[in-house]
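Quick note: residue numbers are just sequence positions, from 1.
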Amino acid sequence: MSVLENLRNLGESELQENLNMFKIKSTGNIEKDIHNLNDFYFENIETLYNYLPICTYKYLETALKENSEKILKDEFENIWILFEDLGLSDVRVSDMMSQEMYLINKYIEDNNLGDSMTDDVMKEIEKVMEKKGFIQDKNFDKNYFEAIDKKFAETLFKFLEVNVEIRKKESYILKLINGIVKIHGSLDDNEIFKVLKKLEIDLNNEQVKEFINFKIPNSIFENNEALIIINKDIADYIQGDFIKNSIKEIYPLETYLKA
């Protein structure tokens with residue numbers, strides 16, 4: 001489906017969130033807003049890409065290559081959700097998957113099968129799902145890649161292929177930030193900006209916040225702060241006992257790049 005059709009399938013609140021994200025003023029007419037957002041995506045590819053994760057290039061490459069192995073690897077864990085939220089992918093794929101999972105879980109619950117998931121039980125579930133119109137797909141992941149609007153995918157992929165320097169700069173900043181976090185521990189965007197500024201990296205505080213929020217996998221955006229939380233601090237964060245680190249000493253650039 002096209003981006004226009006995907007945007008029409010979004011709820012009004014999701015559409016408004018996208019307009020707000022890209023600072024597009026609502027006209028008060030939903031169809032006009034949809035067209036304005038669609039035009040923005042195609043005419044402002046570089047700006048849009050600032051809000052997409054670093055794995056976008058690989059994700060699009062996988063989607064567009066006919067013989068590629070279309071599997072949602074760890075690095076692609078959440079990108080398809082973002083593409084759906086923006087209206088770049090057909091949300092009906094996820095809706096179908098959610099409905100299928102709901103029916104499977106309900107069948108298991110209704111028949112008290114939770115402790116007896118044998119091969120025979122799984123085959124029985126497959127038969128039940130087929131009767132309900134769900135054909136079991138051995139590679140369901142590929143549907144998420146095929147749900148992307150191909151015209152948009154090709155436009156963005158060509159932009160990224162040509163602009164290699166953008167991808168190189170991203171990888172460099174990601175490596176640097178990862179080094180900062182390895183040395184100093186879990187940090188918010190203000191602390192990371194403090195280091196980058198000292199190292200004379202050409203990013204302002206807002207750009208650092210956006211980079212952490214949109215580009216770095218598993219970062220967290222909360223209370224207007226972009227946070228990078230390393231694994232050992234996850235439990236404290238969930239329990240509400242998390243304390244952000246503060247940087248007391250800034251090291252030379254090479255120290256962070258080699259961390």
Side-chain angles (χ1 to χ4, degrees), residues 3-4 6-7 10 14-26 33-64 75-89 148-149 151-181 187-197 199-229:
V3 171
L4 274 175
N6 294 333
L7 289 171
L10 292 180
E14 288 88 350
L15 181 63
Q16 188 60 53
E17 283 177 16
N18 292 334
L19 292 171
N20 293 342
M21 181 186 296
F22 299 111
K23 299 177 176 62
I24 301 171
K25 188 175 180 180
S26 174
D33 288 344
I34 286 170
H35 277 271
N36 287 343
L37 194 53
N38 176 78
D39 293 345
F40 178 88
Y41 287 163
F42 282 94
E43 294 169 7
N44 298 274
I45 285 286
E46 185 169 357
T47 301
L48 171 61
Y49 181 62
N50 290 334
Y51 295 83
L52 298 177
I54 283 180
C55 66
T56 297
Y57 179 79
K58 284 185 181 179
Y59 187 69
L60 294 175
E61 186 177 44
T62 303
L64 293 170
E75 62 180 326
F76 299 150
E77 184 178 3
N78 295 315
I79 187 172
W80 57 270
I81 298 174
L82 178 59
F83 269 59
E84 288 180 353
D85 289 345
L86 291 172
L88 304 175
S89 283
I148 303 170
D149 173 25
K151 180 182 176 183
F152 173 80
E154 287 174 344
T155 302
L156 179 55
F157 184 71
K158 285 176 184 175
F159 168 79
L160 294 174
E161 265 197 320
V162 170
N163 292 279
V164 178
E165 290 306 313
I166 289 177
R167 290 188 283 125
K168 282 184 178 178
K169 182 180 179 182
E170 277 186 340
S171 297
Y172 177 79
I173 294 170
L174 178 62
K175 184 177 181 180
L176 182 53
I177 290 178
N178 281 338
I180 293 169
V181 173
L187 300 166
D188 66 14
D189 56 283
N190 292 316
E191 291 297 306
I192 290 173
F193 174 67
K194 194 187 298 182
V195 179
L196 296 178
K197 186 177 181 182
L199 298 176
E200 299 182 347
I201 303 300
D202 186 24
L203 290 174
N204 61 40
N205 203 341
E206 191 61 30
Q207 288 171 322
V208 172
K209 181 182 292 187
E210 289 182 352
F211 191 93
I212 295 170
N213 186 27
F214 296 106
K215 295 292 180 183
I216 298 181
N218 302 322
S219 61
I220 296 168
F221 191 78
E222 189 174 82
N223 299 325
N224 206 34
E225 287 182 326
L227 304 168
I228 299 180
I229 299 178

If you look only at distance, which donor and acceptor atoms sit under 3.5 Å apart when one is on a side chain in residues 205-213 and the other is two or more places apart or in another chain?
residue: N205; atom: ND2; partner: N190; partner atom: OD1; Å: 3.1
residue: Q207; atom: OE1; partner: N204; partner atom: N; Å: 2.8
residue: K209; atom: NZ; partner: N224; partner atom: O; Å: 2.9

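Looking at residues two or more places apart in sequence or on another chain, you find a salt bridge (charged side-chain N to carboxylate O under 4.0 Å, His left out) between D188 and K244. Legend: residues meeting side-chain contact (heavy atoms from CB on, under 4.5 Å) with V162, ordered by chain and number and at least two apart, are absent. Partners of F157 according to the ring-ring contact (aromatic ring centres under 6.0 Å, His included) rule, which considers only residues two or more places apart in sequence or in another chain, are Y57. Qualifying side-chain contact (heavy atoms from CB on, under 4.5 Å) partners for I81, counting only residues two or more places apart in sequence or in other chains: N78, D85. For E14, there are no salt bridge (charged side-chain N to carboxylate O under 4.0 Å, His left out) partners at least two apart in sequence or on another chain. Residues that satisfy the side-chain contact (heavy atoms from CB on, under 4.5 Å) test with K158, not counting sequence neighbours, are absent from this structure. The ring-ring contact (aromatic ring centres under 6.0 Å, His included) search around F214 returns Y51, not counting sequence neighbours. Scored by the side chain to side chain donor-acceptor pair (under 3.5 Å) test, N178 finds no partners at all (sequence neighbours excluded). Partners of D39 under the side-chain contact (heavy atoms from CB on, under 4.5 Å) rule, at least two apart in sequence or in another chain, are E43.
When each of T155, L48, L156 is checked for a side chain to side chain contact (heavy atoms under 4.5 Å, CB included) with F42, only T155 meets the rule.
Taking the centre and axis of the six-membered ring of F40, the NZ or CZ atom of K23 falls outside the cone set by 45° and 6.0 Å.
Sorted by first then second residue, the side-chain hydrogen bond (donor to acceptor under 3.5 Å, both in side chains) pairs that include residues 161-172, not counting sequence neighbours, are Y49-E170, E170-K215.
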